[in-house]
Amino acid sequence: MQSLHQVLSLLQSQILTPEQQQFQELCQYWPEIVGTVARLHSRAVSWHRGVLNVATSSSTWSQELTLKRIQLLYRLNQKLLFPVEDIRFSTAQWRYQSHGEQHRSPGSSSDEFSQLWQDHPSRVNLPPTPTEPLIHSHPHGSTTPLTAFQRWANSIQQRSQHIPLCPQCHCPTPPGELTRWSVCCLCAMQTLEGPGTEA
(Lines give C-alpha, C1' and ligand atoms only; values in the text may rest on other atoms or scores of the structure.)
Protein backbone atom coordinates (compact mmCIF):
# COMPACT_ATOMS: atom_id res chain seq x y z
CA MET A 1 0.00 0.00 0.00
CA GLN A 2 1.28 3.45 -0.94
CA SER A 3 1.01 6.31 1.52
CA LEU A 4 -1.33 9.21 0.76
CA HIS A 5 1.71 11.46 0.25
CA GLN A 6 3.14 9.08 -2.37
CA VAL A 7 -0.20 8.86 -4.19
CA LEU A 8 -0.62 12.64 -4.22
CA SER A 9 2.97 13.12 -5.45
CA LEU A 10 2.34 10.62 -8.24
CA LEU A 11 -0.90 12.34 -9.27
CA GLN A 12 0.78 15.73 -9.15
CA SER A 13 3.61 14.59 -11.41
CA GLN A 14 1.06 13.28 -13.92
CA ILE A 15 -1.08 16.46 -13.90
CA LEU A 16 1.61 19.17 -13.88
CA THR A 17 3.84 19.98 -16.83
CA PRO A 18 7.63 19.68 -16.28
CA GLU A 19 7.87 23.49 -16.11
CA GLN A 20 5.12 23.64 -13.46
CA GLN A 21 6.90 20.97 -11.43
CA GLN A 22 10.12 22.97 -11.65
CA PHE A 23 8.31 26.11 -10.50
CA GLN A 24 6.93 24.22 -7.49
CA GLU A 25 10.46 23.20 -6.54
CA LEU A 26 11.64 26.79 -6.91
CA CYS A 27 8.82 28.03 -4.65
CA GLN A 28 9.73 25.37 -2.11
CA TYR A 29 13.42 26.34 -1.97
CA TRP A 30 13.08 30.12 -2.35
CA PRO A 31 12.47 30.98 1.36
CA GLU A 32 15.48 28.88 2.39
CA ILE A 33 17.72 30.36 -0.33
CA VAL A 34 16.80 34.01 0.19
CA GLY A 35 16.94 34.04 4.01
CA THR A 36 14.65 34.75 6.96
CA VAL A 37 14.09 38.50 6.46
CA ALA A 38 14.08 38.69 2.65
CA ARG A 39 11.55 35.85 2.31
CA LEU A 40 8.98 38.11 3.99
CA HIS A 41 9.49 40.69 1.24
CA SER A 42 9.79 38.43 -1.81
CA ARG A 43 8.10 35.46 -3.42
CA ALA A 44 8.50 33.54 -6.65
CA VAL A 45 5.64 34.32 -9.06
CA SER A 46 6.54 32.70 -12.38
CA TRP A 47 9.11 30.53 -14.14
CA HIS A 48 9.70 30.50 -17.89
CA ARG A 49 12.62 29.37 -20.06
CA GLY A 50 15.15 29.34 -17.24
CA VAL A 51 14.14 32.72 -15.81
CA LEU A 52 12.58 33.01 -12.35
CA ASN A 53 10.41 36.08 -11.76
CA VAL A 54 10.18 37.23 -8.16
CA ALA A 55 7.73 39.78 -6.75
CA THR A 56 9.07 42.08 -4.04
CA SER A 57 7.28 44.26 -1.51
CA SER A 58 9.18 47.43 -2.51
CA SER A 59 11.66 48.80 -5.04
CA THR A 60 14.27 48.85 -2.26
CA TRP A 61 13.95 45.08 -1.91
CA SER A 62 14.08 44.67 -5.68
CA GLN A 63 17.38 46.56 -5.77
CA GLU A 64 18.86 44.74 -2.79
CA LEU A 65 18.00 41.30 -4.15
CA THR A 66 19.19 42.25 -7.63
CA LEU A 67 22.60 43.02 -6.09
CA LYS A 68 22.59 39.51 -4.55
CA ARG A 69 21.35 37.90 -7.78
CA ILE A 70 24.56 35.99 -8.56
CA GLN A 71 24.73 34.52 -5.04
CA LEU A 72 21.05 33.53 -5.20
CA LEU A 73 21.52 31.90 -8.61
CA TYR A 74 24.49 29.94 -7.29
CA ARG A 75 22.55 28.69 -4.25
CA LEU A 76 19.50 27.73 -6.32
CA ASN A 77 21.58 25.86 -8.88
CA GLN A 78 23.24 23.88 -6.09
CA LYS A 79 19.85 22.69 -4.85
CA LEU A 80 18.07 22.00 -8.15
CA LEU A 81 18.50 19.39 -10.87
CA PHE A 82 17.64 21.92 -13.59
CA PRO A 83 19.46 25.19 -14.36
CA VAL A 84 18.19 28.61 -13.31
CA GLU A 85 19.72 31.08 -15.78
CA ASP A 86 18.46 34.34 -14.33
CA ILE A 87 16.25 35.93 -11.64
CA ARG A 88 14.24 39.09 -12.24
CA PHE A 89 12.81 41.17 -9.41
CA SER A 90 9.80 43.47 -9.64
CA THR A 91 7.19 45.05 -7.37
CA ALA A 92 4.54 44.81 -10.12
CA GLN A 93 2.95 41.52 -9.01
CA TRP A 94 3.35 41.86 -5.24
CA ARG A 95 -0.20 43.07 -4.47
CA TYR A 96 -1.83 40.34 -6.60
CA GLN A 97 -0.38 37.44 -4.64
CA SER A 98 -2.52 34.91 -2.86
CA HIS A 99 -4.09 35.88 0.47
CA GLY A 100 -3.17 32.48 1.79
CA GLU A 101 0.56 33.20 1.98
CA GLN A 102 2.09 32.18 5.28
CA HIS A 103 4.66 34.97 5.42
CA ARG A 104 3.57 38.55 5.04
CA SER A 105 5.32 41.83 5.56
CA PRO A 106 3.58 44.65 7.46
CA GLY A 107 2.94 46.41 4.15
CA SER A 108 1.69 43.37 2.27
CA SER A 109 -1.36 43.17 0.05
CA SER A 110 -3.65 41.83 2.79
CA ASP A 111 -3.13 45.03 4.79
CA GLU A 112 -3.85 47.18 1.73
CA PHE A 113 -7.05 45.30 0.90
CA SER A 114 -8.06 45.35 4.57
CA GLN A 115 -7.65 49.14 4.64
CA LEU A 116 -9.61 49.50 1.38
CA TRP A 117 -12.44 47.44 2.86
CA GLN A 118 -12.41 49.50 6.08
CA ASP A 119 -12.99 52.66 4.00
CA HIS A 120 -15.43 51.10 1.48
CA PRO A 121 -18.87 52.78 1.31
CA SER A 122 -20.62 49.38 1.32
CA ARG A 123 -19.06 48.32 4.62
CA VAL A 124 -21.49 47.85 7.51
CA ASN A 125 -20.54 47.23 11.13
CA LEU A 126 -23.13 44.67 12.11
CA PRO A 127 -23.88 43.70 15.70
CA PRO A 128 -22.56 40.28 16.73
CA THR A 129 -24.64 37.45 15.37
CA PRO A 130 -26.28 35.04 17.84
CA THR A 131 -24.34 31.87 18.47
CA GLU A 132 -27.42 29.66 18.10
CA PRO A 133 -27.60 27.71 14.80
CA LEU A 134 -29.53 29.17 11.88
CA ILE A 135 -31.26 25.85 11.24
CA HIS A 136 -33.80 24.90 13.91
CA SER A 137 -34.76 21.29 14.31
CA HIS A 138 -38.39 20.39 13.87
CA PRO A 139 -40.05 18.97 17.01
CA HIS A 140 -40.00 15.54 15.37
CA GLY A 141 -36.24 15.78 14.74
CA SER A 142 -36.31 16.85 11.07
CA THR A 143 -35.75 20.26 9.50
CA THR A 144 -37.95 21.41 6.66
CA PRO A 145 -36.64 23.78 3.96
CA LEU A 146 -39.34 26.28 4.92
CA THR A 147 -38.35 26.42 8.61
CA ALA A 148 -34.67 26.70 7.68
CA PHE A 149 -35.41 29.58 5.29
CA GLN A 150 -37.65 31.37 7.82
CA ARG A 151 -34.95 31.13 10.48
CA TRP A 152 -32.33 32.48 8.07
CA ALA A 153 -34.66 35.32 6.95
CA ASN A 154 -35.39 36.28 10.57
CA SER A 155 -31.67 36.33 11.34
CA ILE A 156 -30.95 38.61 8.36
CA GLN A 157 -33.85 40.88 9.30
CA GLN A 158 -32.59 41.21 12.88
CA ARG A 159 -29.08 42.01 11.68
CA SER A 160 -30.26 44.71 9.28
CA GLN A 161 -32.97 46.38 11.38
CA HIS A 162 -30.63 49.22 12.44
CA ILE A 163 -29.41 49.92 8.88
CA PRO A 164 -31.04 52.91 7.14
CA LEU A 165 -33.27 52.33 4.10
CA CYS A 166 -32.57 53.47 0.56
CA PRO A 167 -35.00 56.32 -0.23
CA GLN A 168 -35.59 54.89 -3.70
CA CYS A 169 -36.02 51.11 -3.26
CA HIS A 170 -36.50 51.06 0.55
CA CYS A 171 -33.94 48.28 1.07
CA PRO A 172 -31.45 48.32 3.98
CA THR A 173 -28.45 50.33 2.76
CA PRO A 174 -24.98 50.86 4.25
CA PRO A 175 -24.66 54.47 5.50
CA GLY A 176 -21.53 54.92 3.38
CA GLU A 177 -23.51 54.31 0.19
CA LEU A 178 -26.13 56.87 1.23
CA THR A 179 -23.39 59.39 1.98
CA ARG A 180 -21.75 58.84 -1.38
CA TRP A 181 -24.75 58.41 -3.72
CA SER A 182 -27.82 59.35 -1.61
CA VAL A 183 -29.23 55.92 -2.60
CA CYS A 184 -28.02 52.30 -2.44
CA CYS A 185 -25.33 51.19 -4.89
CA LEU A 186 -27.85 49.23 -7.02
CA CYS A 187 -30.11 52.26 -7.45
CA ALA A 188 -27.03 54.40 -8.15
CA MET A 189 -25.98 51.96 -10.90
CA GLN A 190 -29.43 52.04 -12.46
CA THR A 191 -29.31 55.85 -12.49
CA LEU A 192 -25.88 55.79 -14.15
CA GLU A 193 -26.99 53.23 -16.75
CA GLY A 194 -30.01 55.31 -17.61
CA PRO A 195 -33.29 54.18 -19.22
CA GLY A 196 -33.42 51.57 -21.89
CA THR A 197 -30.46 49.48 -20.64
CA GLU A 198 -32.50 46.70 -19.08
CA ALA A 199 -32.63 43.42 -20.98
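Residue numbers run from 1 in the order of the sequence given.
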Asks: Restricting to side chain to side chain contact (heavy atoms under 4.5 Å, CB included), what partner residues turn up for Gln63, sequence neighbours left out?
Replies: none
Asks: Do the side chains of Ile33 and Leu67 join up, straight or via other hydrophobic residues, at under 4.5 Å, putting them in one cluster?
Replies: no
Asks: Identify the heavy atoms of Ala55 and Gln93 that sit nearest to each other, and give their distance.
Replies: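 Nearest heavy atoms, Ala55 then Gln93: CB-C, 4.0 Å.
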Asks: Could you work out, with side chain to side chain contact (heavy atoms under 4.5 Å, CB included) as the rule, every residue matching Thr66, not counting sequence neighbours?
Replies: Phe89
Asks: Tell me the salt bridge (Lys or Arg N to Asp or Glu O under 4.0 Å) pairs involving residues 45-65, sequence neighbours left out?
Replies: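 Every pair satisfying salt bridge (Lys or Arg N to Asp or Glu O under 4.0 Å) with a residue in residues 45-65: Glu64-Lys68.
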Asks: Taking side chain as C-beta onward, heavy atoms only, is His41 less than 4.5 Å from Thr56?
Replies: no
Asks: Assess, by modelled atom type and distance only, whether the side chains of Trp47 and Glu19 contain a donor and an acceptor separated by less than 3.5 Å.
Replies: no
Asks: Flag yes if Leu26 and Leu40 sit in one hydrophobic cluster, no otherwise; membership is Ile, Leu, Val, Met, Phe, Trp, Tyr, and two members link when side-chain heavy atoms are under 4.5 Å apart.
Replies: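 Unlinked, Leu26 and Leu40 end up in two clusters.
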Asks: Would you please name every residue forming a ring-ring contact (aromatic ring centres under 6.0 Å, His included) with Trp30, sequence neighbours left out?
Replies: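 Partners of Trp30 under the ring-ring contact (aromatic ring centres under 6.0 Å, His included) test: none.
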Asks: Between OG of Ser182 and CD of Glu177, what distance do you get to the nearest 0.5 Å?
Replies: 11.5 Å
Asks: Same cluster or not: Leu65 versus Trp94, using hydrophobic residues (I, L, V, M, F, W, Y) connected whenever any side-chain heavy atoms lie under 4.5 Å apart?
Replies: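 Unlinked, Leu65 and Trp94 end up in two clusters.
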Asks: If a pair satisfies side-chain hydrogen bond (donor to acceptor under 3.5 Å, both in side chains) and one of its residues is in residues 69-78, list it, with sequence neighbours excluded.
Replies: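 Of all non-adjacent pairs touching residues 69-78, those that pass side-chain hydrogen bond (donor to acceptor under 3.5 Å, both in side chains) are Arg69-Asp86, Tyr74-Gln78.
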Asks: For the residue pair Leu52 and Ser46, what are the closest heavy atoms and their distance?
Replies: CD1-O, 3.5 Å
Asks: Please report the shortest heavy-atom distance between Ala38 and Ser42, naming the atom on each side.
Replies: O-OG, 2.8 Å
Asks: Testing the basics here: between His170 and Leu165, what is the closest heavy-atom pair and its distance to 0.1 Å?
Replies: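 For His170 versus Leu165, the nearest heavy atoms are O-CD2, 3.7 Å.
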Asks: Heavy atoms only: give me the nearest Cys187-Cys166 pair and the separation to one decimal.
Replies: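 Residues Cys187 and Cys166, closest heavy atoms: SG-SG, 3.8 Å.
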Asks: Nearest 0.5 Å, what's the OH-CG distance between Tyr29 and Leu76?
Replies: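 Those atoms lie 10.5 Å apart.
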Asks: Can you sort out the partners of Thr91 under side-chain hydrogen bond (donor to acceptor under 3.5 Å, both in side chains), two or more places apart, ordered by chain and number?
Replies: none
Asks: Which salt bridge (Lys or Arg N to Asp or Glu O under 4.0 Å) pairs, counting each pair once, include a residue from residues 25-34, with sequence neighbours left out?
Replies: Glu32-Lys79
Asks: Can you confirm whether Leu81 is buried at CG, in the sense that more than 12 heavy atoms of other residues, nucleotides or ligands lie under 6.0 Å from that atom?
Replies: no
Asks: For a quick test of reading the model, state the closest non-hydrogen atom pair linking Val183 to Ala188 and the distance between them.
Replies: CG2-N, 3.6 Å
Asks: Between Pro164 and Pro175, is any pair of side-chain heavy atoms under 4.5 Å apart?
Replies: yes
Asks: Does Ile87 share a hydrophobic cluster with Val45, counting links as ILVMFWY side-chain heavy atoms below 4.5 Å and allowing steps through other members?
Replies: no
Asks: Only counting residues at least two apart or in another chain, list the ones meeting side chain to side chain contact (heavy atoms under 4.5 Å, CB included) with Cys171.
Replies: Cys169
Asks: Any chance you could lay out the side chain to side chain contact (heavy atoms under 4.5 Å, CB included) test for Arg88 and Val51, step after step, and finish with the verdict?
Replies: CA-CA 7 Å; Arg88 294 179 188 154; Val51 178; 3.8 Å; yes
Asks: Counting distance only, does the side-chain N/O of Gln20 pair as donor-acceptor with the main-chain N or O of Thr17 below 3.5 Å?
Replies: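 Here the side-chain-to-backbone pair exists.
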